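To keep things clear, I will list the structure first and then write my remarks on it.
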Protein chains: 2
Amino acid sequence: MNKSDLKLIAVLERTGGFASAQELHQILRREGDGIGLTTVYRALQSLVDDKIVDLLRREDGEAIYRLCGDTHHHHLVCKGCGNTVEIEGGAIEKWAKTMAEEFGFREVGHTAEIFGICSKC
Amino acid sequence: MNKSDLKLIAVLERTGGFASAQELHQILRREGDGIGLTTVYRALQSLVDDKIVDLLRREDGEAIYRLCGDTHHHHLVCKGCGNTVEIEGGAIEKWAKTMAEEFGFREVGHTAEIFGICSKC
DNA sequence: TCACAAAATGGAAATGATTATCATTTCCAA
DNA sequence: TTGGAAATGATAATCATTTCCATTTTGTGA
């Protein structure tokens with residue numbers, strides 16, 4: 001956890017939602033921070049490894065990042081406005097575990113996201 | 001629906017699972033078809049528009065395509081050898097539907113994949 | 001069969017995100 | 001203060017995807 005990591009966390013806290021590496025870099029630059037794009041990518045990578053931020057993908061494949069809470073959760077993402085709701089995923093955990101056992105897999109992780117159009121859009 | 005579209009559908013039928021545009025192009029080339037990469041991308045795009053194939057994303061953001069078949073299923077992927085098992089996802093369908101309803105989302109789709117190490121690796 | 005316009009094609013260049021390289025700077029403990 | 005490890009950032013490289021544009025194929029009416 002170094003200075004850059006903390007800067008990124010601060011911006012993510014401030015902005016609240018998801019942001020791409022490029023956007024985060026621009027925000028910091030705009031605020032007068034001379035941080036380099038490389039460092040932004042590196043910091044985000046290490047934050048993802050440490051499970052401090054979530055990484056998911058926009059529809060065009062661009063990576064977007066967001067602070068994650070302490071609990072493991074999934075996302076319900078609006079394709080219209082990008083608004084996101086964190087949801088409970090107990091059923092998924094159980095499903096992933098069951099399936100993995102059935103086929104003899106170990107060190108299992110999973111991804112699960114729901115996409116749709118929210119009531120406002 | 002033109003000749004290229006049909007070629008792509010044929011390959012996707014044959015291979016069964018997911019494949020990226022680059023992979024599909026290579027497969028066709030290997031089989032002696034001189035199809036261009038541009039045409040592969042174009043055909044896939046139009047098949048997605050016509051809802052004949054699904055587009056989703058690998059973990060690194062690369063687009064992968066599959067025929068939207070009769071049954072919707074999920075994958076258990078080995079991080080070691082890439083071997084993939086198609087699995088039943090009834091629990092997930094229910095979960096996605098329930099969550100979407102709860103938060104007033106419509107036109108809902110979802111992704112769910114399990115990653116792990118298979119017994120051989 | 002022929003001519004011709006529209007559609008399809010594919011190579012090459014452009015684009016845009018992400019990663020690798022590497023020289024320089026900052027940090028920190030001894 | 002100093003030596004070395006970690007952090008930094010500019011630049012170049014990589015890789016999927018798109019755009020451009022010239023050429024080829026196809027379908028259709030004469």
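Nothing here was measured: the structure is a model prediction, and the numbers come from that model. Lettering of chains follows the sequences in order, A, B, ..., and the numbering in each one begins at 1.
- The salt bridge (Lys or Arg N to Asp or Glu O under 4.0 Å) test applied to B:R14 returns B:E31, not counting sequence neighbours.
- Between A:L44 atom CG and D:dG9 atom C1' the separation is 15 Å, expressed in whole Å.
- Sorted by first and then second residue, the ring-ring contact (aromatic ring centres under 6.0 Å, His included) pairs involving residues 7-26 of chain B (not counting sequence neighbours) are B:F18-B:H75.
- Residue B:S4 places none of its side-chain N or O atoms closer than 4.0 Å to OP1 or OP2 of C:dA8.
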May I have the list of side-chain donor-acceptor pairs in residues 41-49 of chain B shorter than 3.5 Å, sequence neighbours left out?
unit_1: B:Y41; atom_1: OH; unit_2: B:Q22; atom_2: NE2; d: 3.1
unit_1: B:Q45; atom_1: NE2; unit_2: B:D49; atom_2: OD1; d: 3.3
unit_1: B:S46; atom_1: OG; unit_2: B:D5; atom_2: OD2; d: 3.1
unit_1: B:S46; atom_1: OG; unit_2: B:A43; atom_2: O; d: 3.4

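- Applying the side chain to side chain contact (heavy atoms under 4.5 Å, CB included) rule to A:R106 yields the partners B:I117; only residues at least two apart in sequence or on another chain are considered.
- Neither OP1 nor OP2 of D:dT25 sits under 4.0 Å from any side-chain N or O of B:N2.
- In terms of the salt bridge (Lys or Arg N to Asp or Glu O under 4.0 Å) criterion, residue partners of A:E23 (sequence neighbours excluded) are, by chain and number, A:R58.
- Rounded to a whole Å, the CE atom of B:M1 is 18 Å from the C1' atom of D:dT26.
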Checklist outcome for this item: Readout for nucleotides 17-29 of chain C: B = base within 4.0 Å of protein heavy atom, S = sugar-phosphate only, - = neither; 5' to 3' it is SBBB------S--
Checklist entry - salt bridge (charged side-chain N to carboxylate O under 4.0 Å, His left out) between B:D54 and B:R66: does it pass, once the steps are laid out? => result CA-CA 5 Å; B:D54 279 340; B:R66 76 166 176 210; 2.9 Å; yes
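- If you measure from atom CD1 of B:I35 to atom P of D:dT24, you get 18 Å, rounded to the nearest angstrom.
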Checklist entry - Please, what dot-bracket string fits DNA chain C when only Watson-Crick and G-U pairs with both distances under 3.5 Å count, crossing ones use [ ] and pairs to another strand use |? => result ||||||||||||||||||||||||||||||
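- In this structure A:A112 satisfies the side chain to side chain contact (heavy atoms under 4.5 Å, CB included) test together with A:H74, A:I92, B:W95, B:A112, sequence neighbours excluded.
- For the side chain to side chain donor-acceptor pair (under 3.5 Å) test, no residue two or more places apart in sequence or in another chain qualifies with A:N2.
- We find that CG of B:L6 is positioned 16 Å from C1' of D:dT25, with the value rounded to whole Å.
- The interatomic distance linking B:K7 (NZ) with C:dA8 (P) rounds to 14 Å, in whole Å.
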